[in-house]
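These notes are about the structure you will find just below.
Quick note on labels: first sequence line is chain A, next is B, and so on, each numbered from 1. On a predicted model such as this, the values are computed, not experimentally measured, just so you know. Below, all heavy atoms of this structure are taken into account, side chains as well, without hydrogens, waters or symmetry copies.
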2 protein chains.
Amino acid sequence: MVDQAETLRRTPLSRDRILRAAVALADAAGIESLSMRNLAQDLGVAPMALYKHVSNKDELLDAMIDLVVAEIDPPAPGAGWKQSVRGRILSARQALRRHPWAPLAVESRNMATPGLLAYLDSVVGTLRAGGFSADLAHHVMHAMGSRVLGFSQELFDTARDTGRSGAAADQPSADMPPEMAARFPHLAEIARAAAHDDGSVVGPGCDDQFEFEFALDLLLDGVERLHRQGWTSAHRPG
Amino acid sequence: MVDQAETLRRTPLSRDRILRAAVALADAAGIESLSMRNLAQDLGVAPMALYKHVSNKDELLDAMIDLVVAEIDPPAPGAGWKQSVRGRILSARQALRRHPWAPLAVESRNMATPGLLAYLDSVVGTLRAGGFSADLAHHVMHAMGSRVLGFSQELFDTARDTGRSGAAADQPSADMPPEMAARFPHLAEIARAAAHDDGSVVGPGCDDQFEFEFALDLLLDGVERLHRQGWTSAHRPG
DNA sequence: ACCTGAACACCGTTCAAGT
DNA sequence: ACCTGAACACCGTTCAAGT
């Protein structure tokens, strides 16, 4: 046991150890706590030791993103394009839920990582195998946007926008405080509608998974319709 | 003239002057250049002078976001819900194109600003006036996600992902370099399809405006279909 | 070969002081 | 009342040095 710990301690740094520690740090403490200095401290090493294995922080973030993308399940064999794409996107969403820092990290980088490109290439391949023209597949990928990676793309967290700070965060309520409900009556109304929804709501607020699948199916159903109608950029059905 | 400049110079700082300078700085130099110190320098003032008018940098960002949201056109009177929502979203997109830092700023804040809430409230109001149930309007707002603010939500800039750095940025090409096309054949294929598209492509790469409207109409058409079918969360048409 | 310490040019923000 | 300067606790990263 002591030998093993001793071995670990004197194991030279490796890119792999650095990446795992970085993901663990971001998972546990948030992306804003991921500094080269904090990461080095977690690894029991001087900050500059990291630079032998990653060229800078941007490259570290890219590699972390690829670790998350690698968690997405491969396509289910034998499924049609729709179920295959749907399944992968829901799998991507689960991966993102394990790494809540990932969406902001992906959006702040402006270059696609190799792992991300491989995932996207494979999704396009599924569409092409399902009979989509290259033209339609292209527009569909744009229309899916970051949702293809499982992003839910909410503008803010509906459950905890009730006050200026964390006062209500302990027990978020779908009902707004009166002064906000008066200023934003329609938002208050749909928040109440969500709270009184059928069994889909377990706790307070609305069901993220339901909302995500609602949006995903809205897109996929629309895409299927265009595909069946033989959509081309020259001929758009009204 | 000299009097006017002199007056300006000795005009005490105001929240308004600070916000305008902050937006101008972010527009011109990017959000990563917007530091309290750079902003103070642009205003010819010590950094700490800013803190009399904004409580911290987060509050500054919130106020900047509200300035951008205020640029979104009001709803066109007399239009149906679909054209009204469509028009406002396209207007929001134009506002974002004038302030490219805004999407990342919005996504990095986790509390909605008053201006953003007012805009969303007004969009929900348009849906309700168009006969949507509160329930359906709620799900539609989630499904639109950040697209309701005109975000295009691309995972990366397709036009300039050809190399590791800006070498090809001067003249981005829809055709990938051979080694990338070999690794990602389906992506290469749809990139070629975009380049050979009909007249919608002016320059190289694909037409952002076309892709945005394609995705927007896919969503709005799907929403219209649900609305006409009397969708409720209990009864989902296949 | 692999790691370190000191240093540089930055951050946001607090605090006591100036005018 | 309004602004400032020095300071604190941070960043990412370079460079020359240690072992």
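- Ring centers of A:His139 and B:Phe210: under 6.0 Å apart, within the cut-off.
- In this structure, A:Gln94 places its CD atom where more than 12 heavy-atom neighbours from other residues, nucleotides or ligands lie under 6.0 Å away.
- Counting to the nearest Å, the C1' atom of C:dT4 and the CG atom of A:Leu50 are 12 Å from each other.
- The two residues A:Ala118 and B:Phe184 have their closest heavy-atom pair at N-CE2, 3.4 Å.
- Applying the salt bridge (charged side-chain N to carboxylate O under 4.0 Å, His left out) rule to pairs touching residues 91-105 of chain B yields B:Glu71-B:Arg98, sequence neighbours excluded.
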Polar atom pairs between nucleotides 10-14 of chain D and protein, under 3.5 Å, N or O only, would you list them?
residue : atom : partner : partner atom : Å
D:dC11  : OP1  : A:Ser35 : OG           : 3.2
D:dC11  : OP1  : A:Asn38 : ND2          : 3.4
D:dC11  : N4   : A:Arg37 : NH2          : 3.4
D:dG12  : OP1  : A:Met36 : N            : 3.3
D:dG12  : OP1  : A:Lys57 : NZ           : 3.0
D:dG12  : OP2  : A:Met36 : N            : 3.0
D:dG12  : N7   : A:Arg37 : NH1          : 2.3
D:dG12  : O6   : A:Arg37 : NH1          : 3.1
D:dG12  : O6   : A:Arg37 : NH2          : 3.4
D:dT13  : OP2  : A:Tyr51 : OH           : 2.9
D:dT13  : OP2  : A:Lys57 : N            : 3.0

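- Distance CG/B:Leu25 to CH2/B:Trp101: 10.5 Å, rounded to 0.5 Å.
- Under 3.5 Å, the side chains of B:Arg88 and B:Ser122 contain a donor-acceptor pair of N or O atoms.
- Pairing each heavy atom of B:Ala134 with each of A:Ile190, the nearest pair is O-CG2, 3.5 Å.
- Taken to the nearest 0.5 Å, the CG atom of A:Asn56 stands 12.0 Å off from the CG atom of A:Leu50.
- The stretch residues 39-46 of chain B comes close to DNA chain D through B:Val45, B:Ala46, each having a heavy atom under 4.0 Å from the strand.
- With hydrogens and angles left out, the side-chain atoms of A:Thr113 and A:Asp62 include no donor and acceptor closer than 3.5 Å.
- Interatomic distance, B:Leu60 CG to B:Leu19 CG, rounded to the nearest 0.5 Å: 6.5 Å.
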Dot-bracket assigned to DNA chain C with the 3.5 Å Watson-Crick/G-U criterion, [ ] for crossing and | for other-strand pairs, is ||.|||||...|||||.||
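- Applying the salt bridge (charged side-chain N to carboxylate O under 4.0 Å, His left out) test to pairs two or more places apart or on separate chains, those with a residue in residues 46-58 of chain B are B:Asp58-B:Arg109.
- Between the NE2 atom of B:His53 and the P atom of D:dC2 there is a distance of 7 Å, given to the nearest Å.
- One N or O on the side chain of A:Tyr119 and one on the backbone of A:Val148 form a donor-acceptor pair closer than 3.5 Å.
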What N/O pairs connect the protein and nucleotides 16-19 of chain C at under 3.5 Å? Give each pair on its own line.
none

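- B:Ser91 places no side-chain N or O within 3.5 Å of a backbone atom of B:Gly87 that could act as its donor or acceptor partner.
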